[in-house]
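Written out below as structure tokens is the structure these notes cover.
We're numbering straight along the sequence, starting at 1.
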Amino acid sequence: MRLGVLDVGSNTVHLLVVDAHRGGHPMPMSSTKATLRMSENMDDNGRITGEGADRLIATVAEFASIAKTSGCVQLMPFATSAVREATNSEEVLGRVRRETGVELRVLSGVDEARLTFLAVRRWYGWSAGRILNLDIGGGSLELSNGADEAPDAALSLQLGAGRLTREWLREDPPGKRRVAVLRDWLEAEMLSPAKQLLEPGRPDLAVGTSKTFRSLARLTGAAPSAAGPRERRILTISGLRQLIAFISRMTAADRAELEGVSSDRSQQLVAGALVAEASMRALSLDTLEICPWALREGLILRKLDTDLDSDPSTGNGRSSGVPGPTETVLR
């Protein structure tokens, strides 16, 4: 079965087309991205601007058409923090539905954490034991910890790399003092969530997902994406600290020249690195494994589980404790 996942994030809109079936490894067939920076298309009242809504609608329509011509039988469209937090989200979602026929589902931050955890668990398997996962987005930081497929603890904090860049690091390059103040603030902000996250138990495996973690790992010596998804990649706290000292003195344009850093992400790389460092310090983690699967794969896996649940031959008794997808049938 060919599926499309349409992800409307804070920075980009991403269409992932995969071939998937029960019990099989979802195989990516194509990936299409557009940079919209939804979080920057807000007015002073937190409303998505008319121009921002127009761009979103045009992109959703274009990507839905790509999904259809790619042979997708279903499209699973969802939006995260930027749309979730907009004061006019219902109005914009209504326009998207009327003008494109696509019904965007807005995921809560906890839903994001739980679906991402499901993908990480499936990637590493049961032998990994208790897993703790960190995921840095543009608008929020998701954290989860669990020994099963549904995490025992799942949190979402407004500590996204894009958000903190806009609120704290407006200078280019960011001032040394400003970086130090943000670092201290993040340390204080992470104290309580870290305790809550670790209440179920210390992890056997600590994992980082998201483009931010992949970029940070690459800049500290991990294998490039060309090496393939099964290549082991790690991020160490010592390597991260050295990297922060280096990239915080660079302009966004200079950071964009670094391997593994896109121009779209270079502005928020310093903030993302500081969030990663604060999280690892608060949780006493020296090393993170970098997982290639994250939220989109979690949604696909949950979709396959939901289909399995509805099959009478299975006894309709299986549940991973995470929400199922909203689907648009493509005809």
Side-chain angles (χ1 to χ4, degrees), residues 8-13 33-53 55-56 79-89 109 134-142 156-191 193 210-216 218-220 240-282:
V8 178
S10 297
N11 294 306
T12 61
V13 177
K33 299 180 184 179
T35 301
L36 291 193
R37 298 191 187 280
M38 290 300 301
S39 55
E40 297 179 11
N41 284 277
M42 304 276 190
D43 63 21
D44 293 339
N45 295 316
R47 294 173 57 87
I48 297 173
T49 63
E51 180 181 356
R55 292 180 62 199
L56 173 61
T80 55
S81 64
V83 175
R84 181 169 68 233
E85 296 173 15
T87 56
N88 63 335
S89 61
L134 308 174
D135 187 287
I136 301 172
S140 59
L141 165 68
E142 274 68 52
S156 180
L157 309 177
Q158 292 188 330
L159 300 178
R163 182 193 303 273
L164 296 182
T165 300
R166 294 189 302 275
E167 295 178 354
W168 288 83
L169 305 179
R170 296 183 181 181
E171 296 181 5
D172 186 25
K176 184 177 181 180
R177 175 171 173 75
R178 197 64 174 164
V179 169
V181 171
L182 176 55
R183 187 178 244 149
D184 291 343
W185 182 82
L186 283 168
E187 182 178 359
E189 287 292 302
M190 285 301 303
L191 287 176
S210 73
K211 176 63 174 177
T212 295
F213 274 117
R214 292 197 301 273
S215 295
L216 295 173
R218 179 70 189 109
L219 291 172
T220 55
L240 183 56
R241 286 170 180 160
Q242 294 176 22
L243 178 63
I244 291 171
F246 177 61
I247 62 175
S248 61
R249 297 194 297 265
M250 304 173 69
T251 64
D254 288 338
R255 291 192 294 271
E257 297 298 320
L258 299 173
E259 187 173 358
V261 180
S262 65
S263 58
D264 297 338
R265 303 275 179 169
S266 63
Q267 290 183 336
Q268 63 186 46
L269 185 65
V270 175
L274 290 170
V275 173
E277 179 196 36
S279 302
M280 293 178 73
R281 287 179 61 186

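- In this structure the side chain of M42 never reaches within 4.5 angstrom of the side chain of E85, judged on heavy atoms.
- Interatomic distance, L216 CG to S210 OG, rounded to the nearest 0.5 Å: 8.0 Å.
- Looking at every heavy atom in both residues, T80 comes nearest to G9 through OG1-CA, 3.5 Å.
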>> side-chain contact (heavy atoms from CB on, under 4.5 Å), that's the test. Do L159 and M190 meet it? Break it down for me.
In response: CA-CA 10 Å; L159 300 178; M190 285 301 303; 3.9 Å; yes
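- The structure places CD1 of I136 at 10.5 Å from CD of E142, a figure rounded to the nearest 0.5 Å.
- Taking all atoms of both residues into account, the shortest heavy-atom contact from G139 to S10 is N-OG, 3.5 Å.
- With sequence neighbours excluded, the residues that form a salt bridge (Lys or Arg N to Asp or Glu O under 4.0 Å) with E187 are R281.
- The structure places CG of L186 at 10.5 Å from CG of L157, a figure rounded to the nearest 0.5 Å.
- Proximity of a side-chain donor or acceptor of R255 to a complementary backbone N or O of S266 within less than 3.5 Å is detected.
- In plain terms, the two heavy atoms of S156 and R84 that are nearest each other are OG-NH2, 4.4 Å.
- Between S279 and L134, the closest heavy-atom pair is CB-CD1, 3.9 Å.
- With hydrogens and angles disregarded, no donor-acceptor distance shorter than 3.5 Å links the side chain of T165 to the backbone of A271.
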> Should L274 and L164 be marked as a side-chain contact (heavy atoms from CB on, under 4.5 Å) after you check the CA-CA gap, both sets of side-chain angles, and the distance that decides it?
Replying inline: CA-CA 10 Å; L274 290 170; L164 296 182; over 6 Å; no
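- Between the CZ atom of R37 and the CZ atom of R55 there is a distance of 9.5 Å, given to the nearest 0.5 Å.
- Scanning for salt bridge (Lys or Arg N to Asp or Glu O under 4.0 Å) contacts around E189 gives an empty result, with sequence neighbours left out.
- Screening residues 167-181 for side chain to side chain donor-acceptor pair (under 3.5 Å) gives no qualifying pairs among residues at least two apart or on separate chains.
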> V261 and I247: side-chain contact (heavy atoms from CB on, under 4.5 Å), yes or no, with the steps?
Replying inline: CA-CA 11 Å; V261 180; I247 62 175; over 6 Å; no
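- In this structure, the side chains of D264 and K33 stay at 4.5 Å or more apart for every pair of heavy atoms.
- Listed here is the closest heavy atom pair of P173 and T251: CD-CG2, 3.9 Å.
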>> Test side-chain contact (heavy atoms from CB on, under 4.5 Å) on L36 and L56; report intermediate values, then the result.
In response: CA-CA 7 Å; L36 291 193; L56 173 61; 4.2 Å; yes
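- Panel note: side chain N88, backbone I48; a donor-acceptor pair is recorded below 3.5 Å.
- A heavy-atom distance below 4.5 Å is found between the side chains of I244 and R183.
- The structure places CD of E40 at 7.5 Å from CG of N11, a figure rounded to the nearest 0.5 Å.
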> Taking it one step at a time, do R265 and S215 satisfy side-chain hydrogen bond (donor to acceptor under 3.5 Å, both in side chains)?
Replying inline: CA-CA 9 Å; R265 303 275 179 169; S215 295; over 6 Å; no
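- Nearest heavy atom pair, residue M250 against residue P174, reads O-CD, 4.4 Å.
- A donor-acceptor pair under 3.5 Å is absent between the side-chain atoms of N45 and the main chain of R47, judged by distance alone.
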